[in-house]
2 protein chains.
Amino acid sequence: MNTLSYGLLSLLSLKPCSGYDLMHQFELFWPAKHSQIYPLLSAMEKEGLVSFELVSQSDKPDKKVYTITDRGTAALKEWLEGPTGEPVMKDEMLLKTYCLWNTSPENALRMFGEREKLYEEKLGRLEAKVRMLEQVANGDPDNLEFRSHYFGIYMLLNKALSNTRSNLEWCRWARAAIGKRIHEGGG
Amino acid sequence: MNTLSYGLLSLLSLKPCSGYDLMHQFELFWPAKHSQIYPLLSAMEKEGLVSFELVSQSDKPDKKVYTITDRGTAALKEWLEGPTGEPVMKDEMLLKTYCLWNTSPENALRMFGEREKLYEEKLGRLEAKVRMLEQVANGDPDNLEFRSHYFGIYMLLNKALSNTRSNLEWCRWARAAIGKRIHEGGG
DNA sequence: TGGCATTATGTCAAAACTGACATAGAAGGG
DNA sequence: CCCTTCTATGTCAGTTTTGACATAATGCCA
């Protein structure tokens, strides 16, 4: 039982999902490939933390829908009471920024432009999720109760939105700072 | 040559450092243990990307100070021109937040309280670094030139500060949102 | 009919990373 | 004098994670 296993239980506590679904939902806060998720689910099924059901689909390939068991829920609740690991951020962009003076201002502008685009796309996807949440929450997510299955998602979306906006602003500020130095003939 | 190797070259392009120093400087943007850094530096030395010198210290144990070589600088510049990997964030707190309705509001408050403290401490460390940068930049870091060795660090500190402040605010907002629901008898 | 994207699941070798073990000099407190 | 903390470097077994390989059904476009 590692952190990713508990993450799978966390998502499954909301509703039953296929491994494929879980992988896509994970992207936001714990990126993992299918080659890691499928064997883990299989192992968790053997331990009795989750169960699965084969579901036939007419328009798509069949899938295995996993459901959390009582044992899984018990493990989940125990995990929630325990200590929480520190956040880990790994961003190649930061490593490059550190030694930015080793490249041309033009290349630096390109780098930050690409990163800006990435954050813009992420922001768009997040805003779409917020609109979806507003629909299922019947209007204002601020009225969600603590026991609502959507309360946690609402909090996560708030964090992701403010982080992404902050990062987007940073890219724009960096591009302006570099541009200013190009026109000043700084180099 | 993986991303961490280039990260080491990036830090070494600023000034020669020991492995121990590098490890501590990495904490901010690519956490790595000494058990990963020491063997990597050794391998990079064999490939001629860095060289080292044994430095005796009277007040502390001796150390190996690594310096980037011409080959290392060439590799660094090539890396800066290439594609940049997407940022990866792994945070157990987010996994727990997703299924927060499975625990008590009191435990949720504790979790966010601990996280708030963590971000407060991080903010303090960052602000200390900003003050150090202001000293070496002779006042306003906004006047740093693109070619300055400190320009990149200035940009990184800006990002880290705004991210940490954003995360701190999020923790406080979350605690208020949970507290409100406790007093409303929501549960 | 062939090619491509999406959905869907799986295996496996290799790479990245962690945690524990191991050593050791120096400083500071009790 | 012992204990702890900090500095400093190293190894290694085990865990986590990736990237490649493998298969296959469906829909869509040409």
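Labels below follow one simple rule: chain letters A, B, ... track the order of the sequence lines, proteins then strands, and each chain is numbered from 1.
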Handout entry: Contacts of A:Glu81 that satisfy salt bridge (charged side-chain N to carboxylate O under 4.0 Å, His left out) - sequence neighbours left out
Key =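 In terms of salt bridge (charged side-chain N to carboxylate O under 4.0 Å, His left out), with neighbours along the sequence ignored, A:Glu81 is linked to no residue.
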Problem - Geometric class of the A:Tyr66/A:Phe52 ring pair [parallel <30°, tilted 30-60°, perpendicular >60°] - result: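 Ring orientation of A:Phe52 relative to A:Tyr66: tilted.
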Would you kindly give the [atom1]-to-[atom2] distance between [X] and [N], to the nearest whole Å?
X	N	atom1	atom2	answer
B:Glu53	D:dA8	CD	C1'	16 Å
B:Leu40	D:dT9	CG	C1'	15 Å
B:Leu54	C:dG25	CG	C1'	15 Å

Practice task
Flag yes if more than 12 heavy atoms outside B:Glu86 fall under 6.0 Å of its CD atom; otherwise flag no.
Solution key: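 It does not: B:Glu86 CD has 12 such atoms or fewer within range.
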Exercise for the section: Would you give a per-nucleotide map of nucleotides 8-17 of chain C, 5' to 3', where B means the base has a protein non-hydrogen atom under 4.0 Å away, S means only the sugar-phosphate does, and - means neither? Expected result: BBBBB---SS
Problem - Lys/Arg N to Asp/Glu carboxylate O, B:Glu92 vs B:Arg115, below 4.0 Å - result: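 Between B:Arg115 and B:Glu92 there is no salt bridge, as every charged N stays at least 4.0 Å from the carboxylate O atoms.
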Handout entry: Point-to-point distance, once rounded to the nearest 0.5 Å, from CG of A:Leu94 to CE of B:Met155
Key =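 Here the interatomic distance stands at 10.5 Å.
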